[in-house]
Amino acid sequence: MLSSPTIAIAPAPLHVLPSTDPPYKLLQSHPSLALLSKCRSTRTLKQIHSQIIKTGLHNTQFALSKLIEFCSISPCSDLAYAVLLFESIEQPNHLIWNTVIRGHSLSDSPALAIDFFVRMIVSGAVPNCYTFPFVLKSCARSGLAPEGRQVHAHILKRGLDSDVFVHSSLISMYAQNGDLEGARLVFDKSSHRDTVSFTTLMTGYALKGYMDDAKKLFDDMPRRDIVSWNAMIAGFTQCGKFDEALETFRKMQRKNVLPNESTIVTVLVACAQSGHIELGKWVHSWIKDQGMGSNLRIVNSLIDMYSKNGDLEKARSMFDAIQEKDVISWNVMIGGYNHMNHHREALELFREMLLQSHVKPNDVTFLNVLPSCACLCALDLGKWIHVYVDKNYKNCTSTSLSTSLMDMYAKCGNIVAAEQVFRSMEHKSLASWNAILSGSAMHGEVERALELFDEMLNEGFEPDEITFVGVLSACSHAGLVEFGRKNFTLMVDEFKITPQLHHYGCMINLLGRAGLFSEAESMIRSMDMEPDEAIWGSLLKACRIHRQVQLGETVAQNLFKLEPSNPGAYILLSNIYAEAGRWDDVARIRTRLNDVGMKKVPGCTSIEVNSVVHEFLVADKAHPQSEQIYKMLAEIDGLLERAGFEPDTTEVLYDIDEEWKEGALSQHSERIAIAFGLISTKPGTTIRIAKNLRVCRNCHSATKLMSKIFNRDIIARDRNRFHHFRHGSCSCKDCW
DNA sequence: CCCGGTCGGT
């Protein structure tokens, strides 16, 4: 029995097929081919293939084209197998050529379809009106505009441009390659413009954001079908014109055009992105009336709409009610948690997906989970995903997935792994450069960040505003005033980027810390926008460092106005007074602080041990191992004292609305997390923690000493940047 | 018997 298909199709010389097939109606209903529609795995595919060989069907072009078609576009596609089949045929007919070109045009590497097209012509086979739509699609999908124009020349030579399918495919190809003039020319020259050609050109305009032109075509077209309406709604949605999108939807209903599944999905996207939750709810009840309430695509879109609008409970209850969840159901729910900063829930649901569902995660799943890993410093889970991706996607990992992995490593404290991923990437996007650049900046690797910036410019990448946030924050972390000024000018003059608050924030921080107050003030005056709390905040910090009492008072007033209930400004100002010996003013601020009833953001530190993320608050006793943790804390205090550590109590004010007690400083959340890390990991292991606020001075000094006493690398992420503690010192060189 | 345009998750 021929159980091995490779043996079956590999023999030389090549398969010579009879020039004509038996009547196709006989073939079409053949039981062996009917089996294909039920085939779900490569194994059964191979069995069916053997069947086809046994019954002699493999001597027909029809059966082979069906097999190739199935291998190349079914859910369990295996393009390599399709090519193997194809190569075994000596003189493929049109159908076979078309099928193999179509298979490649829909694959991950659509450019290969063009290679087959060239081979087809060289072999003397004549492309027909079925061939060109596939070839044009691959020119569009692979972005090969010159090749697209050459194919257009072929079409004209063969007089096939009057075929409606070829005609609309041409418009689509030009439009998707961004050549709207080309698309318009094809459209204008034709005398057989149908609804599809109109809609295709209209979509081309919409894609570029030219909604006025799109609207004009829409109004001018003789007949509109449901796809035309949907395309118009989608066009408005994609360029953020949600009101117009929803208005078009209402108009279509007034004209008694019945929305279909795609319409609903598109409208729900508009509701999700624009926050029109009331309309979303109305659409939901309308869907129920229409009996579409159990359509999985629609339910998935509803979950997305509810979760993006903050109603996670409604979203979750709909998610739980789905009997047969698909990968998108999982992705939207995980993505919803991630979007609303419910990172723990995102990771928990991801675990549940792996353990309790039969749905395999895909790249979008990871794109939704990785930012949550990054936020919680869940490095083990992030690494697991990396290994999984390498194993399951081999060398076809997308640029965005690699970028997301890189970002995760950088934010979890492993900048070396981030750089490794970066170097291994074949295609880098601007986002990839931005991620590695700001990663290096976050880790205080300033020279590296500036090197990377030069490198990306040399490779011809055009930096954007995010790039410059990375560059300028690198300069500000290292106090490189001259570089900061230079790059700020470069950004504005060379790259014509209007500075945003973030950029000014970096500059003010940099100038303030260097004591260049008049330059900082004149920069603030030059801004087109109102300074935000970050800008005043960094200036106030600078006032404290340089003991600028008078300026500090003015700056603090600005902060009080912006954030009346944030205690940070009061604390900084009282520190400034304290350091100037103005105790009356200190007392006055403290009273005010107590009167206003500040909303203090509780300090919270997370640490991952054995793939589980643990979170600790100040003086937290909720952890099951609390008793051991506090024993360890006491031991640490003793060791610190013996090493000559003196608590720096200048920032005790941070605890002003805590019940102040002896030892409060050693109960800051980062200390508890480190103590937990020390008792639950092997000696010598690196400890990684992530804190939601900035590390206080006292904890910073204590942690430096702890890294020496326990001989551990401690990598701490605070709200701003990373601190790598090692052998008693910190990578930030005490300047943060 | 294989052809075109809209549509969800970054």
Side-chain angles (χ1 to χ4, degrees), chain A residues 21 23-25 27-29 33 60-63 65-66 68-69 72-73 93-103 105 128-137 140 160 163-173 175-176 194-204 206-207 221 225-235 237-238 259-270 272-273 295-305 307-308 326-336 338-339 362-371 398-401 403-404 407 431:
Chain A
D21 275 359
Y24 80 87
K25 286 212 164 146
L27 298 170
Q28 208 178 13
S29 54
L33 289 177
T60 65
Q61 304 257 1
F62 181 77
S65 82
K66 279 288 162 214
I68 295 175
E69 179 186 9
S72 54
I73 60 172
N93 66 1
H94 283 126
L95 186 56
I96 305 263
W97 277 113
N98 291 348
T99 309
V100 80
I101 291 174
R102 179 188 180 205
S105 76
N128 62 9
C129 59
Y130 289 96
T131 318
F132 285 107
F134 302 140
V135 179
L136 289 168
K137 192 182 205 75
L160 287 172
D163 179 272
V164 283
F165 290 98
V166 175
H167 180 242
S168 59
S169 299
L170 272 170
I171 298 173
S172 179
M173 181 274 293
Q176 286 183 48
D194 63 359
T195 305
V196 177
S197 323
F198 267 100
T199 310
T200 310
L201 185 60
M202 193 186 92
T203 309
L207 210 67
M221 59 200 284
D225 63 9
I226 181 72
V227 178
S228 325
W229 285 97
N230 291 352
M232 203 61 203
I233 298 172
T237 306
Q238 276 151 17
N260 66 4
E261 183 192 277
S262 302
T263 322
I264 301 302
V265 167
T266 313
V267 169
L268 286 173
V269 172
Q273 295 181 5
N295 176 316
L296 188 57
R297 272 184 68 185
I298 290 180
V299 173
N300 288 341
S301 306
L302 280 166
I303 293 173
D304 190 44
M305 186 274 293
S307 66
K308 292 258 162 66
D326 67 1
V327 65
I328 296 171
S329 318
W330 289 94
N331 290 351
V332 288
M333 196 64 232
I334 293 172
N338 178 50
H339 188 253
N362 64 12
D363 52 344
V364 180
T365 318
F366 302 127
L367 288 170
N368 282 319
V369 178
L370 286 170
S398 69
T399 302
S400 51
L401 182 49
T403 303
S404 190
D407 193 52

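These values consider heavy atoms only, across backbone and side chains, with no hydrogens, waters or symmetry-generated copies. Here is the naming used below: chain letters follow the sequence lines, and residue numbers restart at 1 for every chain.
Between the side chains of A/Asn362 and A/Asn331, at least one donor-acceptor pair of N or O atoms lies under 3.5 Å.
Among the atoms of the strands shown, base atoms are found under 4.0 Å from some heavy atom of A/Asp225. A/Asn362 comes within 4.0 angstrom of a base, heavy atoms only. At the heavy-atom level, A/Thr131 lies nowhere under 4.0 Å from the strands shown. A/Phe134 comes within 4.0 angstrom of the backbone, heavy atoms only, and of no base. As judged by a 4.0 angstrom heavy-atom cut-off over every strand, A/Ser169 is placed among residues touching the sugar-phosphate backbone only. Nucleic acid contact for A/Gln238: sugar-phosphate only, since backbone atoms but no base atoms lie under 4.0 Å from a heavy atom of the residue. When heavy atoms are screened at a 4.0 angstrom cut-off, A/Val265 is found touching the sugar-phosphate backbone but no base atom. If you check every strand for non-hydrogen atoms under 4.0 Å, A/Asp304 touches sugar and phosphate atoms only. The residue A/Ser400 sits close to a base: some heavy atom pair falls under 4.0 Å. Heavy atoms of A/Val164 sit under 4.0 angstrom from at least one base atom. Contacts of A/Arg102 with the nucleic acid, taken as non-hydrogen atoms under 4.0 Å apart, involve only primed sugar atoms and P, OP1 or OP2. Here A/Asn128 lies out of heavy-atom contact (under 4.0 Å) with every strand. Note on A/Ser329: nothing from the nucleic acid sits closer than 4.0 angstrom, heavy atoms only. A/Thr199 comes within 4.0 angstrom of a base, heavy atoms only.
By the side chain to side chain contact (heavy atoms under 4.5 Å, CB included) test, A/Leu160 pairs with A/Cys129, A/Phe132, A/Ile155, A/Arg158, sequence neighbours left out. For A/Thr131, the side chain to side chain contact (heavy atoms under 4.5 Å, CB included) test picks out A/Asn98, A/Ile101, A/Phe117, A/Met120, A/Pro127, A/Asn128, A/Val135, with sequence neighbours left out. Residues passing the side chain to side chain contact (heavy atoms under 4.5 Å, CB included) test with A/Thr99, sequence neighbours excluded: A/Ser65, A/Ile68, A/Glu69, A/Leu95. Under the rule for a side chain to side chain contact (heavy atoms under 4.5 Å, CB included), the partners of A/Asn295 that lie at least two apart in sequence or sit in another chain are A/Glu261, A/Arg297, A/Ile298. For A/Phe198, the ring-ring contact (aromatic ring centres under 6.0 Å, His included) partners are A/Phe187, not counting sequence neighbours.
Counting 5' to 3', DNA chain B first comes under 4.0 angstrom of a heavy atom of chain A and last does so at the ends given by B/dC1 to B/dT10.
A side-chain hydrogen bond (donor to acceptor under 3.5 Å, both in side chains) with A/Asn230 holds for exactly one of A/Thr263, A/Thr199, A/Thr203; it is A/Thr263.
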